[in-house]
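Below, chains carry the letters A, B, ... as their sequence lines are ordered, and counting in each starts from 1.
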Amino acid sequence: MEESESTSDNQRPWQSYHTVYTNAKAGMDGVDKEKVQRVVYEMSKGSKYFENEERKEAFIRQKIEHMRARAAKLSAADLSHYQKVVDKRVLELEASRELSRIWLHVDMDAFYAAVETLSDPSLKDKPMAVGSMSMISTANYEARKFGVRAAMPGFIARKLCLELIFVPTDFKKYTHYSDLTRKVFQNYDPNFMAASLDEAYLDITEVCKERGITGGEIAEELRSRVHEETGLTCSAGVAPNRLLAKVCSDINKPNGQFVLPNDRIAVMTFISSLPIRKIGGIGKVTENILRGVFGINTCEEMLQKGSFLCALFSPSTADFFLSVGLGLGGTDKPEARFRKSISSERTFSATQDATLLHQKLADIAEMLSADMQKEGLLGRTLTLKLKTASFEITNVEVGTAKCYKEEVLWVPQEDSSVQREPEDRNLDSNKEASTSRNEEFISSNQMELLYWVDDYKCSLCGAELPSSFVEERQEHSDFHLAERLQKEESVSEIYAVDLTNYEIYCQDVSEGSCCEPKAICYPRIPSVPVSQLSVSPLQSSSNGIPPKAHLNSLQKGTKPYKETTSKEMKEAISTIPSMSDIFASSRAQNLDLQLQTVGPFFRITAKSLESNRELGRAEGLIRVWFGGKILHLDSIRLKRDTLSMERSIFGIGLFIGAVAIRYGYDCGCRTAELLAINDSDLYHSKLVRFYQRIGFKTVYEVTGSTIGDMAHMLMWGGIGTRMDASIEELLVKWCRRFKSQD
DNA sequence: GCGGATCAC
DNA sequence: TATGGTGATCCGC
């Protein structure tokens with residue numbers, strides 16, 4: 001069997017390319033499947049998409065082999081044990097069989113295409129597809145004769161049918177007609193379950209009883225009423241449960257119906273020869289596995305191979321398979337279903353342009369944000385999805401309660417036209433420069449190692465500090481840290497501002513990392529053409545209340561923030577340094593601090609009152625996130641002049657930080673976030689320690705070693721340590737520092 | 001809880 | 001030239 005397949009592969013290679021398009025589908029009878037297969041193969045061959053499909057198929061084959069081996073290892077004793085499990089489970093499932101309800105599944109015929117034909121009757125009888133050259137949503141029956149079908153890219157469809165007419169999708173129109181159909185459904189089951197714009201499940205038990213007519217008669221009537229209301233045809237299936245009703249509605253498509261009586265024998269007969277692929281939930285992969293490993297083709301065989309299924313699949317999956325074999329599924333009252341996620345994704349041509357990618361992310365984030373606002377929803381988990389040019393997909397998920405790395409989701413506060421100042425992006429330059437700089441930097445690290453000679457003298461400058469001066473030693477160490485950072489800055493003008501680093505990341509990811517998740521060895525990751533953002537799961541919120549209030553009132557067991565604050569904390573908050581405290585205190589140190597804001601962005605500069613020269617600055621922005629506002633710190637940098645000063649580096653950093661934090665507090669932020677960039681291990685650890693001393697806590701290490709980190713790096717502009725701090729806690733912690741100076 | 005995979009429309 | 005967008009679920013760590 002295998003051999004004959006592989007020899008035929010050599011002569012007719014298209015036979016080995018398994019697309020979903022050749023799968024039996026209504027209106028596809030009489031199609032020259034061989035030709036379709038060949039055309040699809042010829043059009044796909046050599047493309048990135050094709051290569052990815054081959055990878056996926058190889059993976060599935062491997063999975064099948066693995067499972068075969070496991071099945072072969074099962075002993076007679078194992079099998080008899082699992083057979084007992086099956087017998088017991090089948091009895092239980094059988095006992096749960098529900099034959100008293102009548103379900104109806106309605107499925108509009110070629111819905112989008114039919115609606116388009118209503119608005120343009122000239123399309124009637126012509127092969128037509130709704131969609132674009134890249135993707136087809138629906139094809140009318142004329143087009144299906146050529147093998148054109150949903151989910152097929154348009155350019156392949158055109159090859160199959162040269163006269164094919166393309167009509168762009170128009171969801172407004174489809175929604176309108178969908179609403180019309182639903183008004184009809186309403187009359188038969190006010191609680192009908194809409195499965196999509198063009199499909200619904202109705203529990204018609206009551207209507208049948210009340211009117212004393214059969215399910216088939218209801219189906220006829222409903223279909224003709226739908227036609228009267230919309231001019232569209234639909235097909236229906238009537239059966240004792242939803243799973244079967246769905247299968248039935250497909251049997252006499254289009255414009256037909258099929259009734260499966262509420263009778264156990266009828267159901268079992270129906271199911272016995274039914275190909276498993278007809279069952280909702282069994283797709284291409286599952287079908288291949290079940291056939292490849294166990295030789296299962298029909299639902300009946302699910303029961304025959306029950307012991308194997310129980311042995312090799314999880315209980316829930318095995319349960320599903322067994323109920324399919326029994327023709328069970330979906331009879332429960334439709335419970336209130338609520339949305340569990342909301343997402344936005346876009347496909348674009350491959351690029352490595354970091355600015356462009358960032359813009360895409362921002363756009364998508366905006367769309368998502370808008371959708372969520374429209375729906376009045378809040379998220380708890382954020383997922384970033386990336387699809388590379390080779391169609392590999394990777395997700396990064398993050399709980400927003402723990403971590404706020406979604407810089408891309410900042411929502412401009414009032415003026416959305418505010419742009420980042422151009423200064424921030426003046427380094428669209430060469431990664432070579434950056435890389436070599438790093439190498440040089442690393443190689444020179446050793447001479448920069450600080451230790452205390454004889455536990456007394458600084459190895460770098462000879463300063464003398466006994467070990468008992470813990471704080472002073474730390475500050476001295478920070479001094480050298482800043483010195484080092486400063487030197488680097490002098491090599492390349494701007495170091496600390498992010499965004500410009502994207503190029504490095506893209507480069508590192510694309511050429512540096514070889515990723516081997518699971519058994520497949522992927523080649524290098526190329527550019528990143530697709531990105532998706534989604535948020536899940538959701539907690540809905542009633543209208544009009546600001547997000548902050550929502551989060552508090554919705555999180556179970558979590559009292560509003562203020563209430564959880566301890567008494568001591570409350571007292572401390574009342575004494576936290578005000579902005580004027582901080583400014584006064586800084587002037588006492590001959591420091592001139594300034595805070596500038598442009599829209600959501602801010603910059604804090606520290607100048608020497610004596611020399612009027614800049615000593616350091618911090619930049620960042622206030623971004624709105626679902627749980628409230630967040631103070632996002634891009635950088636805290638200290639200037640060269642700072643190094644020659646007597647006063648502690650830590651002190652100046654603290655002053656600048658304090659203004660930023662106080663500003664964030666005044667803006668209503670509860671959290672501050674930053675990335676301690678890791679360009680070299682030595683200074684990174686010091687940087688982290690510096691921020692730790694200020695009061696930040698590590699939330700995540702972005703190492704760049706996993707595919708997933710790619711997303712982090714895109715968002716944060718580098719590898720390093722993501723750190724967060726509670727703004728109130730910081731201010732409380734610092735209060736003595738500033739109050740006492742007053 | 002996270003990330004990958006599958007499925008449906 | 002070119003293979004989508006949205007939402008759900010399950011499995012394995």
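Atom pair A:Phe111:CZ and B:dA8:C1' shows a separation of 17 Å (rounding to whole Å applied). Rounded to whole Å, the distance from NZ on A:Lys278 to C1' on B:dC7 is 16 Å. Between A:Asn395 atom CG and C:dT6 atom C1' there is a gap of 14 Å when expressed in whole angstrom units. In this structure, A:Glu51 places its CD atom 14 Å from C1' of C:dT3, rounding to the nearest Å. Rounding to whole angstrom units, CD1 of residue A:Ile136 and C1' of C:dA2 are separated by 12 Å. Rounded to whole Å, atom P of C:dA2 lies 16 Å from atom CZ of A:Phe166. Summarising the geometry, the separation between CD on A:Glu54 and C1' on C:dT3 is reported as 15 Å, rounded to the nearest angstrom. Put simply, NZ on A:Lys385 is 8 Å from C1' on C:dG5, counting in whole angstrom units.
Taking only side-chain nitrogens and oxygens, A:Lys387 comes nearer than 4.0 Å to OP1 or OP2 of C:dG4. Dashed line: the shortest gap from a side-chain N or O of A:Thr286 to OP1 or OP2 of B:dC7 is under 4.0 Å. OP1 or OP2 of C:dT3 has not a single side-chain nitrogen or oxygen of A:Ser134 nearer than 4.0 Å. At C:dT9, one or more side-chain N or O atoms of A:Lys340 fall inside 4.0 Å of OP1 or OP2 (strictly under the cut-off). Between A:Ser137 and B:dC9 there is no side-chain N or O to OP1 or OP2 distance below 4.0 Å. One finds no side-chain N or O of A:Arg346 lying less than 4.0 angstrom from the OP1 or OP2 phosphate oxygen of C:dG4.
For A:Glu199, the side-chain hydrogen bond (donor to acceptor under 3.5 Å, both in side chains) partners two or more places apart in sequence, or in a different chain, are A:His105, A:Lys246. In this structure A:Glu54 satisfies the side-chain contact (heavy atoms from CB on, under 4.5 Å) test together with A:Phe50, sequence neighbours excluded.
Counting only N and O atoms by type, the side chains of A:Thr317 and A:Ser314 include a donor and acceptor under 3.5 Å apart. Looking only at atom types and distance, the side chain of A:Arg61 has no donor-acceptor partner in the side chain of A:Asn288 under 3.5 Å away. A:Asp250 and A:Ser235 share no donor-acceptor pair across their side chains, judged by distance under 3.5 Å alone.
Taking the side chain of A:Glu345 as heavy atoms from C-beta on, and the options C:dG5, B:dT6, C:dT3, the nearest nucleotide is C:dG5. Listed nucleotides: B:dC2, C:dT6, B:dC9. Nearest to the side chain of A:Ser196: B:dC9. If you check C:dG4, B:dT6, C:dG7 against the side chain of A:Val285, the one that comes closest is B:dT6. Across C:dT3, C:dA2, C:dG4, the shortest atom-to-atom separation from the side chain of A:Ala151 is found for C:dG4. In this structure, of C:dG4, B:dC9, B:dA8, it is B:dC9 that holds the atom nearest to the side chain of A:Glu199. Taking only side-chain atoms of A:Thr394, from C-beta outward, the nucleotide of C:dT3, C:dG5, B:dG4 with the closest atom is B:dG4. Distance from the side chain of A:Lys284 is smallest for B:dC7 among the nucleotides B:dC7, B:dG3, C:dA8. For A:Ser341, the listed nucleotide lying nearest its side chain is C:dA8; candidates were C:dA8, C:dT3, B:dC7.
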Exercise. Please report the C-alpha distance between A:Thr383 and A:Asn395 in whole Å, then the side-chain angles of each, then the deciding distance to 0.1 Å, and finally whether the side chain to side chain donor-acceptor pair (under 3.5 Å) criterion is met.
Key: CA-CA 6 Å; A:Thr383 301; A:Asn395 289 331; over 6 Å; no
Practice problem: Could you go through the ring-ring contact (aromatic ring centres under 6.0 Å, His included) check for A:Phe171 and A:Tyr112 one step at a time? | Solution: CA-CA 9 Å; A:Phe171 279 94; A:Tyr112 297 174; 5.5 Å; yes
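Judged by distance alone, with hydrogens and angles left aside, the side-chain atoms of A:Glu301 form a donor-acceptor pair with the main-chain N or O of A:Asn297 at under 3.5 Å.
For residues 310-329 of chain A, proximity to DNA chain C is found at A:Ser314, A:Ser316, A:Thr317, defined as any non-hydrogen atom under 4.0 angstrom from a strand atom.
Among the atoms of the strands shown, only primed sugar atoms or phosphate atoms (P, OP1, OP2) are found under 4.0 Å from some heavy atom of A:Ile279. When heavy atoms are screened at a 4.0 angstrom cut-off, A:Ser132 is found touching no nucleic acid atom at all. Counting any heavy atom pair closer than 4.0 Å across all strands shown, A:Ile393 reaches no nucleic acid atom.
Positionally, the nearest nucleotide of DNA chain B for A:Lys63 lies more toward the 5' end than for the other of A:Asp198 and A:Lys63.
One finds the CD1 atom of A:Ile289 at 11.5 Å from the CD1 atom of A:Ile296 (value rounded to the nearest 0.5 Å).
Counting distance only, with no hydrogens placed and no angle test, the side-chain atoms of A:Ser44 and the base atoms of C:dT3 include a donor-acceptor pair under 3.5 Å.
Rounded to whole Å, the separation between the P atoms of C:dT3 and B:dA8 comes to 23 Å.
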